[in-house]
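Just so you know, these numbers come straight off a predicted model, no measurement behind them. Residue numbering restarts at 1 for every chain, and letters A, B, ... go by the order of the sequence lines.
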Protein chains: 2
Amino acid sequence: MRRSTLRTANGGADIATPEREIGLDALAGHAGYAVRRFQLWIFQDFIKTLAEADIRPTQYSVMTVIGANPGLSQMAVAKRLGIERARLVHLLDSLERRNFVSRSASATDRRSHALHLTARGKAALAQFKRLAAEHERHVAEKIGKENRERLLQILARFT
Amino acid sequence: MRRSTLRTANGGADIATPEREIGLDALAGHAGYAVRRFQLWIFQDFIKTLAEADIRPTQYSVMTVIGANPGLSQMAVAKRLGIERARLVHLLDSLERRNFVSRSASATDRRSHALHLTARGKAALAQFKRLAAEHERHVAEKIGKENRERLLQILARFT
DNA sequence: TATTGTTATACTCTATAACTATA
DNA sequence: TATAGTTATAGAGTATAACAATA
């Protein structure tokens, strides 16, 4: 492999180019690139921090919205969170299998299901929220408390 | 479907709850949720803006880094951009098929390939960069020029 | 006719593991 | 032994299309 090299203080020996020496060129000016890398970091930390609960970000978002808005239809949840309705079917299947969420018949529209957390789901969500708050502290530690708040403010329009 | 309703100015008729009326609860305080929604918006705009060139964000990032650092190995590109080396193989296959990138034998390590843009790749990348700059202007219009710069600053450590 | 939930398909992405040829 | 590139597989995630039941 042709590797560019650089002089160092260690007696002048050539060492392989460290990762950070590879320039990003135009990429450095693209918000999307930085946002994507940050999002990967943040999801990895979320998954790791909530690993003991075996809950992923999307599952957490679905349970949180159902918990705060009992009786919502699948379409309403899907639209609110920007999830495809076809995908929500499988997400709910797995949450129902774990007895966190129930689909019951809607009183007014026989096409749709009313979504509720079960008693077990409510207790579980309380735990998830504690762990998620811990994850959020990791974010604040990583980028700074004020930067985190600025970020939330700037991006509020997308939520 | 059981739908919460609200009084409106239109003579007091009940209307279905609009999406925005569904509360996010704890989700509103999670940077990851906002970042994820923003990232989806930004990638969609990128893909749409570069549709005429048929180039996606990851392909663009790979070509930009190779263009700025000719002769890099696949491992070096993969590590720098946080892409799995197994995935980079397929990404390069498609870029090579379109004659944008070449894999040539490394002079010093017969296990690795030296990556270069072809003449056609260089010309194409110049066009991609013009379109990507247009996409970046959409981002600035969406969140504001200063907010975009603040964002780049806050997230620079992840790039 | 349109909508809700469902099923199915295809393609992208992520995460591994294993193989080969080299080092 | 370890590394670079490759192949393969499995699980998420995304994007569609089509269908039955119902509006």
Side-chain angles (χ1 to χ4, degrees), chain A residues 1-3 16-17 19 36-37 39-48 51 54-62 66 71-96 101-115, chain B residues 1-3 16 19 32-33 36-37 39-44 46-48 51 54-62 66 71-96 101-115:
Chain A
M1 180 173 69
R2 200 175 67 74
R3 261 203 172 113
T17 304
E19 287 171 35
R36 175 63 177 157
R37 297 296 301 251
Q39 193 249 303
L40 290 175
W41 181 90
I42 218 168
F43 267 44
Q44 274 162 18
D45 185 87
F46 186 99
I47 292 166
K48 195 170 60 183
D54 191 22
I55 279 287
R56 298 173 61 82
T58 312
Q59 299 176 308
Y60 173 76
S61 70
V62 168
I66 294 174
L72 280 185
S73 69
Q74 296 185 191
M75 272 306 295
V77 171
K79 276 185 186 159
R80 184 65 187 89
L81 293 177
I83 301 171
E84 282 297 319
R85 73 185 202 271
R87 196 186 152 216
L88 185 60
V89 171
H90 301 297
L91 283 166
L92 289 173
D93 285 349
S94 84
L95 292 175
E96 218 177 17
V101 167
S102 72
R103 287 188 254 221
S104 51
S106 161
T108 56
D109 185 337
R110 289 164 62 197
R111 291 174 304 181
S112 69
H113 297 154
L115 300 173
Chain B
M1 178 174 68
R2 200 176 68 73
R3 259 204 175 116
E19 286 170 38
Y33 177 69
R36 175 64 177 157
R37 297 295 302 250
Q39 194 249 303
L40 289 175
W41 181 88
I42 218 169
F43 267 43
Q44 275 163 17
F46 186 100
I47 292 166
K48 195 170 63 184
D54 191 22
I55 279 287
R56 299 173 60 81
T58 311
Q59 298 176 308
Y60 174 74
S61 69
V62 168
I66 294 174
L72 280 185
S73 69
Q74 296 185 192
M75 273 305 296
V77 171
K79 276 186 185 158
R80 185 66 186 87
L81 294 176
I83 302 171
E84 282 297 318
R85 72 185 202 271
R87 196 184 153 219
L88 186 60
V89 171
H90 301 297
L91 283 166
L92 289 173
D93 285 349
S94 86
L95 292 175
E96 217 177 18
V101 168
S102 71
R103 286 189 256 222
S104 50
S106 161
T108 57
D109 185 336
R110 288 164 63 198
R111 292 174 303 181
S112 68
H113 297 152
L115 301 172

Just verifying a value: how many Å separate [X] [atom1] and [Y] [atom2], rounded to the nearest 0.5 Å?
| X | Y | atom1 | atom2 | answer |
| --- | --- | --- | --- | --- |
| A:Ser102 | A:Glu96 | OG | CD | 7.0 Å |
| A:Leu92 | A:Ile83 | CG | CD1 | 8.5 Å |
| A:Glu84 | A:Lys79 | CD | NZ | 12.0 Å |
| B:Ser61 | B:Ile66 | OG | CD1 | 9.5 Å |

Given [options], the nucleotide with the shortest approach to the side chain of [X]:
| X | options | answer |
| --- | --- | --- |
| A:Leu40 | D:dA4, C:dT14, C:dT7 | C:dT14 |
| B:Gln44 | D:dA23, D:dA15, C:dC13 | D:dA15 |
| B:Ser112 | D:dT16, D:dG5, D:dT14 | D:dG5 |
| B:Arg110 | C:dG5, C:dA8, C:dA23 | C:dA23 |
| A:Glu84 | C:dT7, C:dT16, D:dT16 | D:dT16 |
| B:Asp109 | C:dA23, D:dG5, D:dG13 | C:dA23 |

Legend entry - From B:Val62, B:Leu95, B:Val77, residue fulfilling side chain to side chain contact (heavy atoms under 4.5 Å, CB included) relative to B:Leu115: B:Val77
Using atom [atom1] of [X] as one end and atom [atom2] of [N] as the other, report the distance to the nearest whole Å.
| X | N | atom1 | atom2 | answer |
| --- | --- | --- | --- | --- |
| B:His113 | C:dT20 | NE2 | P | 17 Å |
| B:Met75 | D:dA2 | CE | P | 15 Å |
| B:Leu81 | C:dT14 | CG | C1' | 16 Å |
| B:Arg103 | D:dA4 | CZ | C1' | 12 Å |
| A:Leu88 | C:dT6 | CG | P | 9 Å |
| B:Ile83 | C:dT14 | CD1 | C1' | 12 Å |
| B:Lys79 | D:dG5 | NZ | P | 10 Å |
| B:His90 | C:dC11 | NE2 | P | 14 Å |

Looking at [X], does any N or O in its side chain come under 4.0 Å of the phosphate oxygens OP1/OP2 on [N]?
| X | N | result |
| --- | --- | --- |
| B:Arg87 | C:dC11 | no |
| B:Arg85 | C:dT16 | no |
| A:Gln74 | C:dT6 | yes |

Legend entry - Under 3.5 Å side-chain donor-acceptor pair for B:Tyr33 and B:Arg37: yes
Legend entry - Flag for B:Gln39-B:Arg36: side-chain donor and acceptor within less than 3.5 Å: yes
Legend entry - Divergence of helical axes at both termini of the helix from C:dT1-D:dA23 to C:dA23-D:dT1 - five pairs an end, 10° steps: 0°
Inset, instruction - Please tell me which of B:Leu92 and A:Phe43 maps to the more 5' nucleotide of DNA chain D, matching each residue to the nucleotide holding its nearest heavy atom. - result: B:Leu92
Legend entry - Position toward the 5' end of DNA chain D (nearest nucleotide), A:Arg56 or A:Arg111: A:Arg56
Inset, instruction - Report the residue (A:Val89 or A:Arg36) whose heavy-atom-nearest nucleotide on DNA chain C is the more 5′ of the two. - result: A:Val89
Legend entry - Donor-acceptor under 3.5 Å (A:Gln44 side chain, A:Trp41 main chain): no
